[in-house]
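To keep things clear, I will list the structure first and then write my remarks on it.
What you see is a predicted model; the values in this text were computed from it and never measured.
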Amino acid sequence: MRRPGFPIISSIVFGGVALGLAAFAGNISLPERDIVPSTSFRPGAATHQTRAGSPGALQFPNANEVPAGIETVLAAPPTRSSFMATWDSVSGAKGYLVDVSTSNSFSSYVDGYHDLDVGNVHGRAVTGLTAGTNYYYRVRAYEATGPGRYSQVMSVTTVPTVGLIIHATFDSSITGRPNAAAIEAMINRAISIYESLLSDPITIQILFRYSTTAPDGTPLGQGTISQSNWVFYGVPWSSFINALRADAKTSNDNLANASLPGSALSANIKPASANGRAVALNTPPAMFANGTVGNGGPYDGIVTLNSAVPFQFTRPVSVSNYDAQRSTEHEMDEVIGFGSRLNISGNDLRPQDLFSWSSPGVRNLTSSGSRYFSINSGGTIIAYFNQNSSGDFGDWLSPACPQVHPYVQNASICTGQSSDVTATSPEGVNLDVIGYDLVSAPQTTAARAAVADFNGDGKPDYVLRNAGSRQTALWYLNNNIFVGAAYGPTLPAGWGLAGVADFNRDSHPDYGLFNPVTDGTWIWYLSGPTFIGNAYGPNVPSGWELAATGDFNGDASPDYVLYRASTRQTAIWYLNNNVFVSGGYGPTLPTGWSLIGVADFNGDGHTDYALFNSSNGQTAIWHLSGRTFLSGAFGPTVPTGWAPVATADFNGDGNPDYVLYRASTRQTAIWYLNNNVLVGATYGPTLPTGWSLVGQ
């Protein structure tokens, strides 16, 4: 396994300068997300179309619109920035005037909503509002002789939680229709789905249309159900990849980021403008209402439903109609960030292309052969990509109608079928791994490093991982100082390094591997960096992962710590080498906290948990006796951009310390502890490009 020479050594950046504790180790509260400034990103425009499925696809003429039926306006929940105002019709009314205020006495009005003439409709989406605010509205009908009396005052509260905001602008092709309220309510229902799923603190600007023409006035193509126009930016490869890695917050992100290539596959990546902002890049809206792009363009994209299509704006959808909400969500996905490089000129990848595979460990970025979406290096097929040139290459492969899985993002859609984006749908997972933050996704179990004494000098060493080649390397340290390196074994596709410990008790640390697809464990016995044998360990139950290794029952044999992200439950499995002996539940972690390592922090001879809360940078120590929780204590707070990834005694004082890692710069640091108290800090070495301290 060992290779001649160590080219990875040449790019080491040594960092032995001690850090000021006040600057580096204080309790630093997380600010709102900063947008990384750049003047090098240039916007472009792209178009996506969704077509009718087959067989039995309806043929509809471009020029003839479907007559607008007056559908019942189904309730649409408030969003963070809008609500749906509705009212009963008044006999003989020619139209309605709407007032909106934050005062039930209407002593002031929301800008643009005082005697707003909405025409002869029975509802209006009120947009551009503030989250968590009480709003009041009233309506009065008008006839030829003038306005009548005000209706009773109605009140609505916008959603108070912080997170993604989608600001809808309704084109006159919607607001001028007699069924405008039904269309707007449907769009608001779609928006509420995304705002409930995604926590990113950004606002996405979308113009919605209902027309037989594109924004520039050209007729929509034959068979086109819906269309989206959106802004993209050319971002240098390293800038986007570093931003994506730094944005990791869920277990999906950890798996996906571990599969990212170790070297650039294209000069740039082309995220949608909204997607760029989701990972803190400076990619503002830039689209005008006619679909052109330039400075000052107010929209991230435009969604157009073809008004010549028999759309239904309420559910359930009849067998002869298309579900307008499903099509709206599909095109919103495109504006938000879906799509393949195969639909844009040039060789630069789009974020979705990072997760396109033809088999485990084999990428496919072409329109030949099969491609599928996977976030674990191709080990699990989540959905197949469309490879038919008549559809979008970033959409899912679409079977004939009716579809067994009528996913929102299927390349073609069928009448009479509905679906939505969810946290576990292929669309939800895709949004999560290209940079958005799913609220209900399995929260990250924390990126963890492997640290142990591999050369027998009594000092902990780093295990480095190369995501592209799956090669490992050992960096020998003396406290925080790099003193040498050796290549370790290459990990097989589908397997990740979950921990290091001396399983066969030969005084040499071994690798503990975990396969999240098969739930298998595998022990690789090492002598220093050299692979000398292997044995399979027990399979963990479905839904659990191997999170750490340590001796919890005092028999000098390392045990497994298992973790279940959906319930935050831990379990400890006692082992004898690779053989399961017994096990039971450990403590359940609080919401927002994850396990970063295990060690005896209070010197009582029992292994403890080290926890981390990525939302505020706080750490904590949970003191255990075997599997039993005894007490807890807060540890130091970690600065923004850094994460504690391992525990080991680096300065030889008998107390475990934290290893901190900054993925965006590959910098490491050591925080010296006395139990849970920070007593000193210093930088460790910086890792070379392509290598990481965490991941597979």
Look up atom [atom1] in [X] and atom [atom2] in [Y], then write down how far apart they are to the nearest 0.5 Å.
| X | Y | atom1 | atom2 | value |
| --- | --- | --- | --- | --- |
| Ile174 | Ser307 | CD1 | OG | 10.5 Å |
| Asn386 | Ser412 | CG | OG | 8.0 Å |
| Ser199 | Tyr436 | OG | OH | 12.0 Å |
| Glu329 | Arg189 | CD | CZ | 10.5 Å |
| Ile202 | Arg277 | CD1 | CZ | 5.5 Å |
| Asp247 | Asn242 | CG | CG | 12.5 Å |

Report task. Determine, using ring centers only, whether Phe373 and Trp396 are less than 6.0 Å apart. Result -> yes
**Report entry** Phe313/Tyr210 aromatic ring centres below 6.0 Å
**Finding:** yes
**Report entry** Test side chain to side chain contact (heavy atoms under 4.5 Å, CB included) applied to Thr212 and Leu220, Val309, Asn306, the passing residue
**Finding:** Asn306
Requested in this report: Sort out for me which residue in His405, Gln403, Gln417 forms a side chain to side chain donor-acceptor pair (under 3.5 Å) with Asn410.
Outcome: Gln403
Would the distance check show the side chain of [X] and the main-chain N or O of [Y] forming a donor-acceptor pair, the cut-off being under 3.5 Å?
| X | Y | answer |
| --- | --- | --- |
| Trp87 | Tyr96 | no |
| Gln312 | Ser318 | yes |
| Ser425 | Val421 | no |
| Glu427 | Gln409 | yes |

Report task. Could you check Gln227 against Thr304 for side chain to side chain donor-acceptor pair (under 3.5 Å), going step by step and ending with a plain yes or no? Result -> CA-CA 5 Å; Gln227 177 174 304; Thr304 302; 5.5 Å; no
Requested in this report: Go through the steps to decide whether Asp420 and Arg326 satisfy the test salt bridge (charged side-chain N to carboxylate O under 4.0 Å, His left out), and finish with yes or no.
Outcome: CA-CA 6 Å; Asp420 292 309; Arg326 178 188 177 189; over 6 Å; no
Does the side chain of [X] pick up a donor-acceptor pair with the side chain of [Y] at under 3.5 Å?
| X | Y | result |
| --- | --- | --- |
| Ser211 | Thr213 | yes |
| His330 | Thr50 | yes |
| Thr161 | Arg80 | yes |
| Tyr136 | Asp99 | no |
| Ser82 | Thr79 | yes |
| His48 | Glu331 | yes |
| Asn229 | Thr47 | yes |
| Thr591 | Arg568 | yes |
| Asp333 | Tyr194 | yes |

Query raised in the report: Is the number of heavy atoms from other residues, nucleotides or ligands within 6.0 Å of CG (Asn295) greater than 12?
Result: no
Report task. Determine, step by step, whether Lys249 and Asp432 satisfy the salt bridge (charged side-chain N to carboxylate O under 4.0 Å, His left out) criterion, reporting the C-alpha distance in whole Å, the side-chain angles of both residues, the deciding distance to 0.1 Å, and the verdict. Result -> CA-CA 9 Å; Lys249 293 180 177 63; Asp432 193 15; over 6 Å; no
Query - Contacts of type ring pair (Phe, Tyr, Trp, His ring centres under 6.0 Å), residue Tyr150, not counting sequence neighbours - result: none
Query raised in the report: Under the ring pair (Phe, Tyr, Trp, His ring centres under 6.0 Å) test, which residues partner Phe83, sequence neighbours left out?
Result: Tyr137
Report summary line: Heavy atoms of Ala423 and Leu438 approach each other most closely as O-CD1, 3.5 Å
